[in-house]
Peer 1: 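The following block contains the structure, expressed as structure tokens.
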Amino acid sequence: MADPKGFLNTPRRLPPRRPVAERVRDWHEVQVPGGLLPIVGAQAGRCMDCGVPFCHEGCPLGNLIPEWNELVSRDDWRRASERLHATNNFPEFTGRLCPAPCESACVLAINQPAVTIENVERAIADLAWESGHVSPKPPERLSGKTVAVIGSGPAGLAAAQQLTRAGHTVAVYERADRVGGLLRYGIPEFKMEKRHLDRRLAQMRAEGTKFRTGVGVGTDVDAAELRARYDALVIAVGATAWRELPVPGRELAGIHQAMEYLPLANRVQEGDFARPPITAEGRHVVIVGGGDTGADCLGTVLRQGAASVTQLDIHAQPGAERPESQPWPVYPKIYRMSAAHEEAQVLGSSPVADADARVFSAATIRFEGDERGERTGVQAVRLVGVDADGRPAPGPERVLRADMVLLALGFSGPERDSGLLGQLGLGLDDRGTITRDEGYAAGHEGVFVAGDAGRGQSLIVWAIAEGRSAAAAVDRYLSGSTTLPAPVTPADRPLVV
């Protein structure tokens with residue numbers, strides 16, 4: 001504890017963001033470059049000597065948060081990086097993309113603004129790369145065992161890196177043309193520039209991990225045959241089966257799933273297109289879904305120059321304070337404004353919104369075509385309010401102009417039609433995720449499941465934790481014992497009510 005009174009004397013402070021009018025004209029990250037380092041030492045000094053650090057319980061990785069907070073407050077960045085990387089393979093990802101349940105569980109958050117844990121994490125990770133404190137860690141010797149990892153999202157990458165460092169020969173199979181899964185094609189560039197991903201992948205290649213892109217396991221390659229070629233198989237395909245909205249007019253042109261739309265925008269940044277095949281430029285856009293994916297769509301739509309954009313959230317607008325029904329240290333549902341929502345509010349992108357670009361307590365009941373009744377393209381979204389259970393309620397209807405609709409309704413588990421499940425004899429549980437035991441094993445012997453494919457739609461920090469834990473299970477299976485950490489079990493759940 002560097003400053004015993006830091007939490008009393010230093011207010012919470014976040015890094016500045018670039019002006020809205022500037023950042024919506026490009027795809028760079030929204031924070032002011034270099035704006036974090038001048039403030040992060042004092043922010044780390046707000047960390048209390050709380051005795052029982054509940055931030056550990058909020059973080060499934062078990063990050064050693066008080067330790068690296070103290071090291072940062074003392075300007076010992078190298079040791080802070082060592083303590084951070086001891087529990088997290090990819091802190092530059094989580095420092096940008098995680099909603100920071102650790103901050104909700106911070107002891108200081110009982111009656112004051114929490115320590116800015118996520119920003120400290122990001123600062124440590126970025127400075128570690130800039131200072132050369134991050135280098136490849138190839139194994140001292142090889143085990144002679146081989147592992148195939150299917151999927152290159154955060155769970156698959158974490159499992160692959162851990163198993164490579166344990167001495168196993170690992171190949172990661174990715175059906176897309178580039179490595180990264182949703183990190184590559186789902187997360188917009190303005191939230192995480194892909195140079196951070198490419199830099200980490202270069203480290204993994206230097207350590208010995210092999211990558212096979214453009215290979216769909218279950219379609220291009222038989223999954224059972226792949227299992228026969230390797231000593232173990234890790235399935236980390238994510239939960240990419242998107243939810244549908246079966247209402248009248250769904251068949252109209254101009255209605256797209258978020259994960260049909262977002263990857264195309266990212267491919268423009270990769271240089272694949274000069275202009276995306278699906279664009280919001282000049283269009284009146286409605287986004288159905290109030291979660292993070294909807295916010296990613298919102299920021300992308302604004303940068304593409306939409307005429308207007310409104311985001312529909314079926315839930316009631318939450319309050320600014322933690323409700324009594326969601327006590328500390330659980331992650332509360334409160335009103336949060338992402339960078340994209342801030343942009344929409346400043347730009348006045350939606351003239352009908354309740355707040356920023358969002359309409360709350362709104363249920364979509366119908367999509368409508370043009371006035372002639374020709375069902376060629378969407379022209380409007382008709383919606384009503386909802387009752388206490390989130391179901392459409394009787395009452396007046398509202399009509400929003402829309403010539404483009406994006407569905408951001410979340411995901412229900414891994415895709416059922418890839419061939420992967422049947423070829424390996426894998427079952428699904430009641431939630432639509434792959435059935436596995438307490439040791440991450442599923443189906444044939446030597447087959448393991450990590451990340452959202454087994455847990456269901458979750459956070460990046462849980463995906464990395466699962467990848468690390470599944471790697472420990474695979475290492476034990478191959479070697480008889482393991483020294484790899486296993487921060488979570490398949491049965492563990494976040495701190496929620």
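Residue numbers run from 1 in the order of the sequence given. Predicted, not measured: the structure shown is a model, and the values here were computed from it.
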Peer 1: Would you say S412's side chain and A241's backbone share a donor-acceptor pair under 3.5 angstrom?
Peer 2: yes
Peer 1: Decide yes or no for M337 and D356: does some side-chain heavy atom of the first lie under 4.5 Å from some side-chain heavy atom of the second?
Peer 2: yes
Peer 1: Can you tell me which residue among R122, K194, R195 is in a salt bridge (Lys or Arg N to Asp or Glu O under 4.0 Å) with E29?
Peer 2: R122
Peer 1: Do other residues, nucleotides or ligands put more than 12 heavy atoms under 6.0 Å from R401 CZ?
Peer 2: no
Peer 1: Thinking salt bridges, do R229 and D222 make one under a 4.0 Å N-O criterion?
Peer 2: no
Peer 1: Just wondering, more than 12 heavy atoms not from D292 lying within 6.0 Å of its CG?
Peer 2: no
Peer 1: Under 4.0 Å between a side-chain nitrogen and a carboxylate oxygen: does that hold for E368 and R366?
Peer 2: yes
Peer 1: Taking the basic N atoms (NZ, or NE/NH1/NH2) and the acidic carboxylate oxygens, is any pair closer than 4.0 Å for D272 and R178?
Peer 2: yes
Peer 1: Check whether any side-chain N or O of E174 sits under 3.5 Å from a backbone N or O of V179 as a donor-acceptor pair, and report yes or no.
Peer 2: no
Peer 1: Is D177 paired with R184 through a side-chain N to carboxylate O contact shorter than 4.0 Å?
Peer 2: no
Peer 1: Heavy-atom distance under 4.5 Å between the side chains of K191 and L97, does that happen here?
Peer 2: yes
Peer 1: Quick one: are L347 and L302 in side-chain contact, heavy atoms under 4.5 Å?
Peer 2: yes
Peer 1: How far does CG of L233 sit from CG of D231, to the nearest 0.5 angstrom?
Peer 2: 11.0 Å
Peer 1: For K137, is there an ion pair with E207 - N to carboxylate O distance below 4.0 angstrom?
Peer 2: no
Peer 1: Is a side-chain donor or acceptor of Q304 paired with a backbone partner of T279 at a separation under 3.5 angstrom?
Peer 2: no
Peer 1: With under 30° as parallel and over 60° as perpendicular, where do the rings of F190 and W27 fit, or are they tilted in between?
Peer 2: tilted
Peer 1: Could you tell me whether R96 and E118 make a salt bridge, using a distance below 4.0 angstrom between a side-chain N and a carboxylate O?
Peer 2: no
Peer 1: Can you check whether Q257's main-chain N or O pairs, donor with acceptor, with E244's side chain at less than 3.5 Å?
Peer 2: no
Peer 1: Does D387 reach the main-chain N or O of G390 with its side chain, forming a donor-acceptor pair under 3.5 Å?
Peer 2: yes
Peer 1: Just wondering, more than 12 heavy atoms not from R13 lying within 6.0 Å of its CZ?
Peer 2: no
Peer 1: Does anything in residues 412-427 form a salt bridge (charged side-chain N to carboxylate O under 4.0 Å, His left out)? List the pairs, not counting sequence neighbours.
Peer 2: R175-E415
Peer 1: Side-chain contact test, heavy atoms from C-beta onward, threshold under 4.5 Å: evaluate it for F367 versus I255 and give yes or no.
Peer 2: yes
Peer 1: Do D26 and R18 meet the salt-bridge criterion of a basic N to acidic O distance under 4.0 Å?
Peer 2: yes
Peer 1: Between Q345 (side chain) and E342 (backbone), is there a donor-acceptor pair under 3.5 Å?
Peer 2: no
Peer 1: Looking at H133, is its backbone amide N or carbonyl O close enough to the side chain of S131 to form a donor-acceptor pair, meaning the two atoms are under 3.5 Å apart?
Peer 2: no
Peer 1: For atom CG of D389, decide whether the heavy atoms of other residues, nucleotides or ligands shown that lie under 6.0 angstrom number more than 12.
Peer 2: yes
Peer 1: Is R358 close to D354 at the side-chain level, that is, under 4.5 Å between some pair of heavy atoms?
Peer 2: no
Peer 1: Has T164 got a side-chain atom pairing as donor or acceptor with Q161's backbone, closer than 3.5 angstrom?
Peer 2: no
Peer 1: Exactly one of V234, I235, V474 should register a side-chain contact (heavy atoms from CB on, under 4.5 Å) with V149. Which one does?
Peer 2: V234
Peer 1: Please check: side-chain N/O of T116 versus main-chain N/O of N119, any donor-acceptor pairing under 3.5 Å?
Peer 2: no
Peer 1: Is any side-chain heavy atom of V288 closer than 4.5 Å to a side-chain heavy atom of I314?
Peer 2: no
Peer 1: Kindly indicate whether the side chain of W129, heavy atoms from C-beta on, has any atom under 4.5 Å from the side chain of R200.
Peer 2: yes
Peer 1: Closer than 3.5 angstrom, by distance alone: can the side chain of T209 be matched with the main-chain N or O of R205 as a donor-acceptor pair?
Peer 2: no
Peer 1: Working note: L298 + H341, criterion side chain to side chain contact (heavy atoms under 4.5 Å, CB included); need CA distance, chi angles, decisive distance, verdict.
Peer 2: CA-CA 8 Å; L298 175 62; H341 291 118; 3.4 Å; yes
